[in-house]
Engineer: 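Mind looking over this structure? Questions follow.
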Amino acid sequence: MRLSAYFLPTMKENPAEAQVVSHRLMLRAGMIRQQSAGIYAWLPLGFRVLNKIADIVRSEQERFGAIEMLMPTIQSADLWRESGRYDAYGPEMLRIIDRHEREMLFGPTNEEMITDIFRNTVKSYKDLPKMLYHIQWKFRDEIRPRFGLMRGREFLMKDGYSFDLDYESARKAYNRMMVAYLNTFARLGLTAVPVRADTGPIGGNLSHEFQILAETGESELFADRDLLEGGILKRNIGPTDDVDAYVDEVTAFYAAADEMHEAANCPVPAEKLMARRGIEVGHIFYFGTKYSEAMGAQVIGPGGEPVTVHMGSYGVGVSRLVAAIIEASHDDNGIIWPESVAPFKVGLISLRAGDAEVDAACQKAYETLTRAGVDVLYDDRDERAGAKFADMDLIGLPWQLLIGPKGLKAGVVELKNRKTGERQEVSLESALAQLGA
RNA sequence: CGGGGCGUAGCUCAGCCUGGUAGAGCGCUGCUUUCGGGAAGCAGAGGCCGGAGGUUCGAAUCCUCUCGCCCCGACCA
């Protein structure tokens, strides 16, 4: 992409309304624009990152047997009356009356709808287990939206739902999702800690939150130091590995959200216990028959008897992850994207747009990289070098390829790593080879 | 919802206390000189001072109401 033809409205100064670093940087880097409290438009650069994260989430879901679908954002109140949550959910649910005076709502989650689809469709135990998910916009009318995308009202979420014949099978589904989540966060360059959590309005008695450690996190967590520092969370377990044994190993360590933590009963001695702040980026639940019972989701079992299915639900805050990654990875100059989610891999900077030799070298680099399938943002604007450096650091692409007249005279270009700041002066060919072209 | 703060140019803000026809820096447009870490000069464009009412000869400025945004708290897959 040529920057001169792109849509990247960067800002030099911090917008007054943005207090937290991820919010500031996303606005300044031209990724988002706020439309209302807690409601954001995604500009092209931000949208690319959002999609990259969604793709990684998707691929780990598929790898562990979840099947993608898409449910609507607007739901009928009647469904929610069946589960009893229409009244229980409270003002956080955005309620809508349509022209026929029907009560509708903008879905904050989809347990009821997926249960309705399941009960109308699946009749036999032979069709179990099933794990269905979608990536879709949710709306929760938070009392106080804040911190930009960290607590928005409209947000993109991956929510998945498992259906099993009994507890043992449901527990395996829960474990698979725990592993899929740990893999997902690792691929995003994050360390997420699974902590025992309260189940809240979802219900059930087994639940883990996945917390990214960050000073600016909204929640507090307590965990055994060995869990965080032992490397166990980054093992990249596959679907054919012994998932259950691994989950047992991970969950044997003490790790609890603050509402689940009781200092007096904590089994970990104080010197091994870490109290940290975290950003909740995922939450998984096993809630048994809470919804299937209320909504009559049954299949015929092997003995010909009706069996109420066991369910779980599994959420990842996809849009929140964009902010969480920035909170975890930035410096004074801007964002530092992990390569897996960077909107472009390479920022190609022409240090002297209009200079024939520089233009030709840049054009060659741009074409070679593009043809090799490397995402490159070519800053071909007629701007001064300093302005280009500042913008490129701000938007945080992993690699910067600088081509200017001085270097070309000496036969070199400069390749800079955004994260380490390391620069090498090499031939254009060598730089392109390093970038995968 | 309780407490606090803020709405003036695209962005950051001054002006408000003490009413008198709207300002700066950056950004934007054109030209010139420049050009390797946010250049300089000249010339421009751009604002119903969040909205409504009121007081006044006169309101960005004072008063009332209202809307929006941010922060703390309560809340929170």
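In what follows, chains are A, B, ... by sequence order, proteins preceding strands, each numbered from 1. None of the values given here were measured: they were computed from a predicted structure.
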Engineer: Strictly by Watson-Crick or wobble contacts shorter than 3.5 Å, is anything paired with G38(B), and which nucleotide is it?
Structural biologist: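 Here G38(B) is not engaged in any pair, so there is no nucleotide opposite it.
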Engineer: Minimum heavy-atom separation for Arg187(A) and Ser340(A), please, with both atom names.
Structural biologist: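 That closest heavy-atom pairing would be O-OG, 2.6 Å.
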Engineer: Polar atoms only, N or O, under 3.5 Å: list the protein pairs with nucleotides 8-14 of chain B and their distances.
Structural biologist:
| unit_1 | atom_1 | unit_2 | atom_2 | d |
| --- | --- | --- | --- | --- |
| C11(B) | O2 | Glu13(A) | OE2 | 3.3 |
| U12(B) | OP1 | Ala16(A) | N | 2.4 |
| U12(B) | O4' | Glu13(A) | OE1 | 3.4 |

Engineer: Let's test your reading of the model: under 3.5 Å, does the base of G3(B) pair with the side chain of Arg144(A) as donor and acceptor?
Structural biologist: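 Not at all, since no donor on one side and acceptor on the other fall under 3.5 Å apart.
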Engineer: Look at Arg146(A) and C72(B) and indicate whether a side-chain polar atom (N or O) is within less than 4.0 Å of OP1 or OP2.
Structural biologist: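 Arg146(A) to C72(B) OP1/OP2: side-chain N or O found under 4.0 Å.
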Engineer: Across the strands shown, which category fits Ser36(A) at heavy-atom distances under 4.0 angstrom: base, sugar-phosphate, nothing?
Structural biologist: sugar-phosphate
Engineer: Rounded off to whole Å, could you give me the CD-to-P distance for the Gln35(A) and C70(B) pair?
Structural biologist: 12 Å
Engineer: Could you tell me which nucleotide pairs with C49(B) by Watson-Crick or G-U wobble geometry, both distances under 3.5 Å, or answer none if nothing does?
Structural biologist: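 When the pairing criteria are applied, nothing turns out to pair with C49(B), so the answer is none.
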Engineer: Going by purine N1 to pyrimidine N3 plus the second Watson-Crick contact, or the G-U wobble pair, all under 3.5 Å, which nucleotide sits opposite U21(B)?
Structural biologist: none
Engineer: I need the CD-C1' distance between Glu218(A) and G73(B), as an integer number of Å.
Structural biologist: 13 Å
Engineer: Given that Glu142(A) and Gly38(A) both sit by RNA chain B, which one's nearest nucleotide is further toward the 5' end?
Structural biologist: Gly38(A)
Engineer: So which one's nearest nucleotide on RNA chain B is more toward 5', His23(A) or Lys158(A)?
Structural biologist: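 Per heavy-atom nearest nucleotide, the more 5' residue is His23(A).
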Engineer: Determine the Euclidean distance between corresponding P atoms of G20(B) and G37(B); express it in Å to zero decimal places.
Structural biologist: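 Here G37(B) and G20(B) have their P atoms 47 Å from each other.
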Engineer: Is U55(B) paired to anything, Watson-Crick or G-U wobble with both distances less than 3.5 Å, and if yes, which nucleotide?
Structural biologist: none
Engineer: CG of Asp332(A) versus P of G38(B): gap in Å, rounded?
Structural biologist: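 The distance from CG of Asp332(A) to P of G38(B) comes to 16 Å, rounded to the nearest Å.
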Engineer: Work out how far the C1' atom of G7(B) is from that of A43(B), and round it to whole angstrom.
Structural biologist: 33 Å
Engineer: Mind checking the CD1-OG1 spacing from Ile395(A) to Thr10(A)? Nearest 0.5 Å is all I need.
Structural biologist: 8.5 Å
Engineer: Let me confirm one number: the CH2-NE2 distance from Trp337(A) to His330(A), rounded to the nearest 0.5 Å.
Structural biologist: 12.0 Å
Engineer: Does the plane of the ring in Tyr167(A) sit parallel, tilted or perpendicular to the ring in Tyr286(A)? Use 30° and 60° as the thresholds.
Structural biologist: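 If you compare the ring of Tyr167(A) with that of Tyr286(A), the planes turn out perpendicular.
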Engineer: Taking the C1' atom of each, how far is G30(B) from G46(B), in whole Å?
Structural biologist: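 Rounded to whole Å, the distance is 15 Å.
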Engineer: List in numerical order all residues of residues 391-407 of chain A for which some heavy atom is under 4.0 Å away from an atom belonging to RNA chain B.
Structural biologist: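 Within this stretch, Asp391(A), Asp393(A), Gly404(A), Pro405(A), Lys406(A), Gly407(A) sit under 4.0 Å of the strand.
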Engineer: Find the partner of G68(B): check Watson-Crick (N1-N3 plus N6-O4 or O6-N4) and G-U wobble (N1-O2, O6-N3) distances, both under 3.5 Å, and reply none if neither fits.
Structural biologist: C6(B)
Engineer: For Arg352(A) and U34(B), what is the distance between atoms CZ and C1' respectively, to the nearest whole Å?
Structural biologist: 9 Å
Engineer: For residues Asn120(A) and Asp116(A), is any side-chain donor paired with an opposing acceptor at under 3.5 Å?
Structural biologist: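 Checked: Asn120(A)/Asp116(A) side chains pair up, N/O donor to acceptor below 3.5 Å.
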Engineer: Considering only the C1' atoms, how many Å lie between C13(B) and C49(B), rounded to the nearest integer?
Structural biologist: 13 Å
Engineer: Under a 3.5 Å cut-off for both distances, is U61(B) Watson-Crick or wobble paired, and to whom?
Structural biologist: none
Engineer: Give me the ring orientation class for His23(A) and Tyr40(A): parallel if the planes are under 30° apart, tilted from 30 to 60°, perpendicular past 60°.
Structural biologist: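 If you compare the ring of His23(A) with that of Tyr40(A), the planes turn out perpendicular.
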Engineer: Taking only the P atom of each, what is the distance from C48(B) to A9(B) in whole angstrom?
Structural biologist: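 The same atom, P, in both gives a distance of 9 Å.
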Engineer: Passes side chain to side chain donor-acceptor pair (under 3.5 Å), His310(A) versus Asp166(A)? Steps please.
Structural biologist: CA-CA 6 Å; His310(A) 288 243; Asp166(A) 53 32; over 6 Å; no
Engineer: Within the modelled atom types, does a donor on one side and an acceptor on the other bring the side chain of Glu383(A) and the base of G38(B) under 3.5 Å apart?
Structural biologist: no
Engineer: Classify the nucleic acid contact of Arg423(A) as base, sugar-phosphate or nothing, counting any heavy atom under 4.0 Å across all strands shown.
Structural biologist: base
Engineer: Under a 3.5 Å cut-off for both distances, is U29(B) Watson-Crick or wobble paired, and to whom?
Structural biologist: A43(B)
Engineer: Find the distance Asp382(A):CG to U32(B):P and express it as a whole number of Å.
Structural biologist: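 In whole Å, U32(B) P and Asp382(A) CG are 12 Å from each other.
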Engineer: Between G25(B) and A40(B), how far apart are the P atoms? Round to whole Å, please.
Structural biologist: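 Going atom to atom, P in each nucleotide, I get 12 Å.
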Engineer: Can Gln211(A) and Ser219(A) be counted as having a side-chain donor-acceptor contact under 3.5 angstrom?
Structural biologist: yes
Engineer: What is the distance, rounded to the nearest whole Å, between atom CZ of Phe147(A) and atom P of C69(B)?
Structural biologist: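 After rounding, the gap between these two atoms is 17 Å.
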Engineer: If the cut-off is 4.0 Å, is Arg151(A) near the phosphate of C75(B), judged by side-chain N/O to OP1 or OP2?
Structural biologist: no
Engineer: Calculate the interatomic distance between Phe155(A) atom CZ and C76(B) atom P; express it in whole Å.
Structural biologist: 15 Å
Engineer: Measure CE/Met150(A) against P/C70(B) and give the value in whole Å, please.
Structural biologist: 14 Å
Engineer: Where the side chain of Gln19(A) is concerned, which of G36(B), C69(B), C70(B) is the nearest nucleotide?
Structural biologist: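 From the listed options, C70(B) comes nearest.
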Engineer: Test the Arg48(A)-Phe344(A) pair against the cation-pi criterion, namely NZ or CZ under 6.0 angstrom from the six-membered ring centroid and within 45° of the ring axis.
Structural biologist: yes
Engineer: Any idea which of C70(B), C75(B), G36(B) is nearest the Ile143(A) side chain?
Structural biologist: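 Comparing C70(B), C75(B), G36(B) against the side chain of Ile143(A), the answer is C75(B).
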Engineer: Which part of the nucleic acid, if any, lies within reach of Gln34(A) when heavy atoms closer than 4.0 Å are counted: base, sugar-phosphate only, or nothing?
Structural biologist: sugar-phosphate
Engineer: Quick one, Tyr133(A) and Ile135(A) - any side-chain contact, counting heavy atoms below 4.5 Å?
Structural biologist: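 Counting from C-beta outward, Tyr133(A) and Ile135(A) do come under 4.5 Å.
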Engineer: Quote, to the nearest angstrom, the C1' distance that separates C11(B) from C28(B).
Structural biologist: 12 Å
Engineer: Out of Leu415(A), Leu348(A), Val376(A), Thr368(A), which residue meets the side chain to side chain contact (heavy atoms under 4.5 Å, CB included) rule with Leu435(A)?
Structural biologist: Leu415(A)
Engineer: So, Gln424(A) versus Asn417(A): side-chain donor-acceptor pair below 3.5 Å or not?
Structural biologist: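 No, no side-chain donor-acceptor contact under 3.5 Å.
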Engineer: Quantified in whole Å, what is the C1' atom distance between nucleotide U64(B) and nucleotide A45(B)?
Structural biologist: 38 Å
